[in-house]
Number of protein chains: 4
Amino acid sequence: MNFDNTAPIYIQIMNLIKKDIILGKMNLGEKLLSSREYAQNLKVNPNTMVRVFNELEREGVTFTKRGVGTFITESEEKVEIMKKEMAEDIVRNFIEGMMELGFNFNDMIALIKSRLDKEAVQ
Amino acid sequence: MNFDNTAPIYIQIMNLIKKDIILGKMNLGEKLLSSREYAQNLKVNPNTMVRVFNELEREGVTFTKRGVGTFITESEEKVEIMKKEMAEDIVRNFIEGMMELGFNFNDMIALIKSRLDKEAVQ
Amino acid sequence: MNFDNTAPIYIQIMNLIKKDIILGKMNLGEKLLSSREYAQNLKVNPNTMVRVFNELEREGVTFTKRGVGTFITESEEKVEIMKKEMAEDIVRNFIEGMMELGFNFNDMIALIKSRLDKEAVQ
Amino acid sequence: MNFDNTAPIYIQIMNLIKKDIILGKMNLGEKLLSSREYAQNLKVNPNTMVRVFNELEREGVTFTKRGVGTFITESEEKVEIMKKEMAEDIVRNFIEGMMELGFNFNDMIALIKSRLDKEAVQ
DNA sequence: GTGGTCTAGACCACT
DNA sequence: GTGGTCTAGACCACC
């Protein structure tokens with residue numbers, strides 16, 4: 001696991017887990033690894049994982065059975081909403097940023113396309 | 001002026017100024033307000049504005065005439081590059097984020113379009 | 001049965017049983033279900049029920065006949081004391097909390113009344 | 001400062017601060033002591049205070065000016081809501097608990113009155 | 001100076 | 001074994 005420097009590690013790990021859920025790599029109601037196991041795997045301090053678990057639960061992404069473990073929400077709706085919100089955030093930031101630079105819809109499409117093409121070649 | 005909590009204030013102000021230059025609200029070679037004036041207008045700590053000016057100069061966006069003031073670069077090319085770099089940053093972040101959520105090119109376009117339509121209505 | 005996260009599950013179950021006794025839903029001297037049966041019914045870890053039984057016995061609410069089972073105390077006085085203690089706890093917490101928020105006796109009565117009225121309507 | 005054992009220290013400190021605001025001991029918009037100063041005064045680890053500040057901000061009770069300090073909300077409405085919510089919590093718990101023990105409105109009033117009289121004497 | 005994050009290690013209650 | 005809390009001490013970015 002490599003963490004970039006900009007965002008706090010606990011946020012990056014939260015996003016990792018959320019994306020795994022969204023992409024179906026983890027199933028609804030499934031038990032997560034224990035915080036200690038995650039900490040070992042990701043080479044991170046156990047307290048950092050505790051924080052990740054707390055925040056995920058606060059967001060309704062997971063829930064805790066005390067003394068048993070932490071589980072992914074069983075609500076498919078919640079996952080859908082989560083995906084939608086994460087996408088909307090990204091889209092809003094993108095549009096806002098581009099419009100502030102004076103780009104219009106067609107410019108945006110063109111830039112995305114050219115960037116994707118470039119990546120495809122590599 | 002209100003600043004959000006996600007990015008450092010000095011970065012947000014830098015972007016403000018850069019966007020004004022890119023959009024032609026400020027002209028090449030034009031003199032900027034003094035950092036103190038900016039600090040007053042934006043209700044920001046003077047040291048924060050000093051940092052803004054330093055960083056802008058380091059990036060080549062502005063230059064200083066000692067005892068006279070700080071001026072916007074006179075290089076049109078520099079402004080073009082700046083615009084391109086800012087756009088590329090935004091585009092890269094967008095694509096990366098959307099792909100991690102499992103969206104493809106067509107999804108991206110659709111989401112941008114629907115968001116722009118929604119804003120147009122309002 | 002769902003348990004909230006604020007209090008330990010074993011405490012919540014203890015209170016359940018105590019209230020059943022106080023309200024006469026369970027009779028003095030009556031035999032309780034076995035801890036295993038309780039555990040199944042409440043979907044709770046068997047060890048948790050063992051703890052419930054231990055604590056109840058420690059408090060004198062129940063007693064055990066070895067090889068036979070666990071029984072509710074036969075002392076009516078014990079039940080009365082129990083009820084009184086539980087009520088006093090609740091009353092003390094209430095008064096303490098309300099006074100710390102700056103409410104006086106009349107405020108307390110008014111708030112209780114308004115809350116009861118609201119529930120009665122629903 | 002003495003902390004009882006039941007609730008986490010950070011919660012107890014949060015409530016301390018909230019009550020000071022509600023009772024007008026601290027004014028709207030006022031700067032709080034720094035987390036380090038609080039930590040010294042309350043003989044608590046600085047990280048514990050950081051957590052207190054985080055949670056208070058999350059609840060909207062305070063806000064942070066980065067690099068400057070933490071301030072009490074300027075919204076009188078927020079304080080009113082906070083007081084109301086804290087009171088409602090206490091009242092709800094009280095009523096629920098008493099009704100589960102089989103007490104009615106008049107019982108509740110009588111018990112509160114007798115308890116207050118007892119305290120007044122002491 | 002301010003708050004925010006992270007590591008390290010300990011202790012605890014609950015299951 | 002599980003998560004939750006707390007202490008201790010360090011480092012960092014920001015103002």
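Per chain, numbering begins at 1; letters A, B, ... match sequence-line order.
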I need the [atom1]-[atom2] distance between [X] and [N], as an integer number of Å.
{"X": "D/F71", "N": "E/dG1", "atom1": "CZ", "atom2": "C1'", "answer": "12 Å"}
{"X": "A/E55", "N": "E/dG4", "atom1": "CD", "atom2": "C1'", "answer": "12 Å"}
{"X": "A/R51", "N": "F/dT2", "atom1": "CZ", "atom2": "C1'", "answer": "21 Å"}
{"X": "A/F63", "N": "F/dG4", "atom1": "CZ", "atom2": "P", "answer": "13 Å"}
{"X": "D/K65", "N": "E/dG3", "atom1": "NZ", "atom2": "C1'", "answer": "14 Å"}
{"X": "D/M49", "N": "E/dG4", "atom1": "CE", "atom2": "C1'", "answer": "14 Å"}
{"X": "A/E57", "N": "F/dT5", "atom1": "CD", "atom2": "C1'", "answer": "15 Å"}
{"X": "D/N45", "N": "E/dG4", "atom1": "CG", "atom2": "P", "answer": "15 Å"}

Give a yes or no on this: more than 12 heavy atoms of other residues, nucleotides or ligands lie within 6.0 Å of atom [atom1] of [X].
{"X": "C/E59", "atom1": "CD", "result": "yes"}
{"X": "C/R36", "atom1": "CZ", "result": "no"}
{"X": "A/M86", "atom1": "CE", "result": "yes"}
{"X": "B/M26", "atom1": "CE", "result": "yes"}

Report yes if at least one side-chain N or O of [X] is closer than 4.0 Å to OP1 or OP2 of [N]; otherwise report no.
{"X": "D/T64", "N": "E/dG3", "result": "no"}
{"X": "D/R66", "N": "F/dC15", "result": "yes"}
{"X": "D/T70", "N": "E/dG3", "result": "yes"}
{"X": "D/S34", "N": "E/dG1", "result": "no"}

**Complete:** Result for 5'-nearest mapping on DNA chain F, choosing between A/K31 and B/T48, is A/K31
**Asked** In terms of side-chain heavy atoms of A/I9, which of E/dT7, F/dT2, F/dC15 is nearest?
**Response** E/dT7
**Message:** Side chain of B/P8 only, heavy atoms from C-beta on: which candidate in E/dG3, F/dC14, E/dG4 is closest?
**Reply:**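 So the nucleotide nearest the side chain must be F/dC14.
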**Prompt:** So what's the dot-bracket for DNA chain E: Watson-Crick or G-U pairs under 3.5 Å, [ ] if a pair crosses, | if it pairs off-strand?
**Reply:** ||||||||||||||.
**Message:** With a 4.5 Å cut-off on side-chain heavy atoms, are A/T70 and A/F63 touching?
**Reply:**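 Sidechains of A/T70 and A/F63: no contact.
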**Asked** Once the angle between the rings of D/F53 and D/Y38 is folded into 0 to 90°, is it parallel (under 30°), tilted (30 to 60°) or perpendicular (over 60°)?
**Response** perpendicular
**Item:** A/T64 and A/E57: side chain donor to acceptor below 3.5 Å
**Value:**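 Yes.
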**Prompt:** If you measure from the Lys or Arg side-chain nitrogens to the Asp or Glu carboxylate oxygens, is any gap between B/R58 and B/E55 under 4.0 Å?
**Reply:** yes
**Asked** If each of A/R36 and A/I11 is mapped to the nucleotide of DNA chain E with the nearest heavy atom, which maps nearer the 5' terminus, i.e. the 5' end?
**Response**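 Closest to the 5' end, via its nearest nucleotide, is A/I11.
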**Request:** Could you check A/Y10 against C/N47 and say which one's nearest nucleotide on DNA chain E is further toward the 5' end?
**Result:**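 By nearest-heavy-atom nucleotide position, the 5'-most residue is A/Y10.
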**Request:** Pick base, sugar-phosphate or nothing for D/V50, based on heavy-atom distances below 4.0 Å to the nucleic acid.
**Result:** base
